[in-house]
Amino acid sequence: MREMVPFRGTTVVKGWPERLAAAQHIATYAFRGQQLPRIRYGDETHDWGAQRGLLCHDCMAVAGEFHVPGCDVERCPKCEGQAMCCGCLDDDDESGAYLI
Ligand SMILES: [Zn+2]
Ligand SMILES: [Zn+2]
């Protein structure tokens, strides 16, 4: 059982607020040497609740924040598929997104 901490009116795994804060410093993803800007929560074409003031259900971001890398809501800036699953990202990405 992992330790939980209160965060934004809910509870999250200990260390998650720090991961979310760190994610705000990752503004781009690398695609075959090309850097593309990440899609912030609320900018997705699908309505995930950001405009209604809801936290991202997966990573607890608020509207206008970047998702934690690996969040299942985050869209790929290249194909708008699910980031991390679509295969667009470089495997040897050195932005640190996979290291968090
Ligand atoms: Zn998220
Ligand atoms: Zn993609």
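Nothing fancy with the numbering, it's 1 onward along the sequence. Counting convention: from 1, in listed order, for ligands and their atoms alike. From a predicted model like this one, the values you see are computed outputs, not experimental measurements.
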Using the test side chain to side chain contact (heavy atoms under 4.5 Å, CB included), find all partners of Cys85 that sit at least two apart in sequence or belong to another chain. Gln82

Angle in degrees, rounded to 10°, that SG of Cys71 and ND1 of His67 form at the Zn ion (ligand 1): 110°

Can you see which heavy atom on Gly87 is nearest to which on Arg32, and at what distance? O-NH2, 4.4 Å

Could you check Glu74, Lys78, Gln34 and say which one makes a side chain to side chain donor-acceptor pair (under 3.5 Å) with Tyr29? Glu74

Donor-acceptor under 3.5 Å ([X] side chain, [Y] main chain):
X     : Y     : answer
Asp58 : Val73 : no
Gln24 : Leu20 : yes
Arg40 : Arg38 : no

Does a salt bridge link Arg75 with Asp43, judged by any charged N lying under 4.0 Å from a carboxylate O? no

Quick check: does His57 have an N/O/S atom under 2.8 Å of the Zn ion (ligand 1)? no

Sphere of radius 2.8 Å around the Zn ion (ligand 2) - protein N, O or S atoms inside: Cys76 SG, Cys79 SG, Cys86 SG, Cys88 SG

